[in-house]
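For reference, the structure is listed below as structure tokens.
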2 protein chains.
Amino acid sequence: MSTTSPENVGLRERKKAELRTTLIDSGLRLFHEKGYEATTTEEIAACAGVSQRTFFRYFASKENVVLEAIEEVDELLCSFVRERPADEPPFRALRNAMRDHWEVLEREELHLQGSAANFISRSPELIEVNMRYCARRQSRLARVIAERAGVDPADHRPALVAAVFYATLNNGFQVWADSGCGDNTDGLLRCFLEQLDLVPEAVCGNWGRDGG
Amino acid sequence: MSTTSPENVGLRERKKAELRTTLIDSGLRLFHEKGYEATTTEEIAACAGVSQRTFFRYFASKENVVLEAIEEVDELLCSFVRERPADEPPFRALRNAMRDHWEVLEREELHLQGSAANFISRSPELIEVNMRYCARRQSRLARVIAERAGVDPADHRPALVAAVFYATLNNGFQVWADSGCGDNTDGLLRCFLEQLDLVPEAVCGNWGRDGG
DNA sequence: TTGTCTAATGTCAGCGACTGACATAATCTC
DNA sequence: GAGATTATGTCAGTCGCTGACATTAGACAA
């Protein structure tokens, strides 16, 4: 009815969409060049040819510029989760979808769009921002997991798996950052997968003083 | 050598410690009365009888007032983790320590100190602040878990368990908030335990379309 | 006690994120 | 093309937070 296709809408809508994209692109580029904290919202706005006030009419906060970029990447991850074989256990499916979707990210790395994940991972400042918004991302992922598994909407397991998944990724970020980063995103993926593979044992196992 | 005992230190140090406490108390009280966002740092400072600038010499940010309060509670949790029987699997030990330490919190609820957890749980605004700082809290908890288990410092499992633990608590917060809160913290503990108990199956199990 | 030395505080000016209010300019509708 | 909508710019202001500098209060020795 309303926005079935992004075509044939008025000039107004098209301009708005364009400006939103321009603002994101400007923001990401500046963040990349001078760092997140060192970039002011006024600069982003100026870079996109609008006033700061207009910037804040498009984004509720500076962080949201990054988030909008992440959302695309997250959407990609979700689609890969849906494509995983139905008999794969949920957490395992997430782990493998992560691996698969990384390839695509690497391949499309050169475009400004889609490079958000790598972009963030290069900037420690943004890692915190990233963490802060896991809640929002979690709920979406949880919905996908629930659909895939075909469980009751009241079931808390999908949300839990999503929460654990992102918590693990954050941990992986940390491990990767602590180990000098290496500037290569291959290492980051390896960290992610290592951590994800470690979770079942860490949570369910009886390791420690007396156990194995 | 320097601060072995908190006694017999100069007047200067004592005053500093007192002011820190006063600032935390003032902050928590104001947050409770008018809400976190609606309370300005100037008000907190004025309430403690100092200037805003002094406030910021004691706390790097407004959030940190809450954090300092949480830290005491977290320290309590850590001590309960240490007291758990050594043969208890790590994640299980966390779960039970959580249950135990809640009792103490409830009992000491009437004091302003120590009520931070319940205090936060009553204010949805602060839940986000709480989440934001899980990273800091995680690392401390991870250290305790590692010591308890006696594993190699390079082992990533303690950090993972801690990360999963806090992620689960955040999820519990969400569930509790979505279900109308109920204003009673008993419900919150129940949410926490339910979520924690669900984790092993959610992560390790093969639930969904084809699985159980 | 006095005087110095140091650390804590207050004052002030300023930056940057963010917002409300109002005027202006662009698009949409008829 | 006139009038209703909607986006944008401008301006002023709040709040979190910081640097700089002067002032005060506690520490310490003579």
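Below, chains carry the letters A, B, ... as their sequence lines are ordered, and counting in each starts from 1. Because only heavy atoms are used, hydrogens play no part in the values below, and waters and symmetry mates are left out as well, while side chains stay in. Note that the structure is predicted; figures quoted are calculated from it, not measured.
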Test of understanding: with side-chain hydrogen bond (donor to acceptor under 3.5 Å, both in side chains), list the residues that count as partners of [X], not counting sequence neighbours.
| X | answer |
| --- | --- |
| Glu63(B) | Arg132(B), Tyr133(B) |
| Asn64(B) | Ser61(B) |
| Thr54(B) | Ser51(B) |
| Gln138(A) | none |

Checklist entry - What is the nucleic acid contact for Tyr58(B), judged by heavy atoms within less than 4.0 Å: base, sugar-phosphate only, or nothing? => result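 If one applies the 4.0 Å heavy-atom cut-off, Tyr58(B) turns out to touch the sugar-phosphate alone, with no base involved.
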
Checklist entry - Which nucleotides of nucleotides 25-30 of chain C have their base under 4.0 Å from a protein heavy atom (B), which only their sugar-phosphate (S), and which neither (-), written as one string 5' to 3'? => result -BBS--

Checklist entry - Among all residues two or more places apart in sequence or in another chain, which pass the salt bridge (Lys or Arg N to Asp or Glu O under 4.0 Å) test with Arg140(A)? => result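 Glu71(A), Glu75(A).
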
Next on the checklist: Once salt bridge (Lys or Arg N to Asp or Glu O under 4.0 Å) is applied, do any residues pair with Lys16(B), and if so which ones, sequence neighbours excluded?
Outcome noted: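 If we apply the salt bridge (Lys or Arg N to Asp or Glu O under 4.0 Å) test to Lys16(B), skipping adjacent residues, there are no hits.
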
Closest heavy-atom contact between [X] and [Y]?
| X | Y | answer |
| --- | --- | --- |
| Gly208(B) | Val151(A) | CA-CG1, 4.5 Å |
| Leu169(A) | Phe192(A) | O-CE2, 3.2 Å |
| Lys62(A) | Thr39(A) | NZ-O, 2.8 Å |

Next on the checklist: For the helix from dT6(C)-dA25(D) to dC30(C)-dG1(D), what angle separates the axis at the start from the axis at the finish, each from five pairs, in steps of 10°?
Outcome noted: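 The helix from dT6(C)-dA25(D) to dC30(C)-dG1(D) shows an end-to-end axis angle of 10°.
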
Next on the checklist: Tell me the interatomic distance from Asn64(A), atom CG, to dA17(C), atom P, rounded to whole angstroms.
Outcome noted: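 In whole Å, dA17(C) P lies 14 Å from Asn64(A) CG.
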
Item to check | Any residue of residues 41-56 of chain B with a heavy atom less than 4.0 Å from an atom of DNA chain D | outcome: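 Within this stretch, Thr41(B), Gln52(B), Arg53(B), Phe56(B) sit under 4.0 Å of the strand.
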
Item to check | Which residues share a ring-ring contact (aromatic ring centres under 6.0 Å, His included) with Phe55(A), sequence neighbours left out | outcome: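 Checked Phe55(A) against ring-ring contact (aromatic ring centres under 6.0 Å, His included); matches are Phe59(A).
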
Item to check | Any residue meeting side chain to side chain contact (heavy atoms under 4.5 Å, CB included) with Glu18(B), in chain and number order, not counting sequence neighbours | outcome: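 For Glu18(B), the residues satisfying side chain to side chain contact (heavy atoms under 4.5 Å, CB included) (neighbours in sequence not counted) are Arg14(B).
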
Item to check | Step-by-step side chain to side chain donor-acceptor pair (under 3.5 Å) determination, Thr41(A) to Gln52(A) | outcome: CA-CA 6 Å; Thr41(A) 56; Gln52(A) 188 202 33; 2.9 Å; yes

Next on the checklist: I'd like to know if Asp197(A) and Arg92(A) make a salt bridge, using a cut-off of under 4.0 Å between side-chain N and carboxylate O.
Outcome noted: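 Result for this pair is yes, salt bridge flagged.
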
Next on the checklist: If you assign each of Lys62(B) and Leu19(A) to its closest nucleotide in DNA chain D, which residue comes earlier from the 5' end?
Outcome noted: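 Comparing both residues, the 5'-ward one is Leu19(A).
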
Checklist entry - Mapping Ser61(B) and Arg57(B) to their closest nucleotides on DNA chain D, which lands nearer the 5' end? => result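 This one resolves to Ser61(B).
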
Checklist entry - Taking any atom under 4.0 angstrom from a heavy atom of chain A, which nucleotides of DNA chain D are the first and last to qualify, 5' to 3'? => result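 Listing 5' to 3', DNA chain D meets chain A from dT5(D) to dT10(D).
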
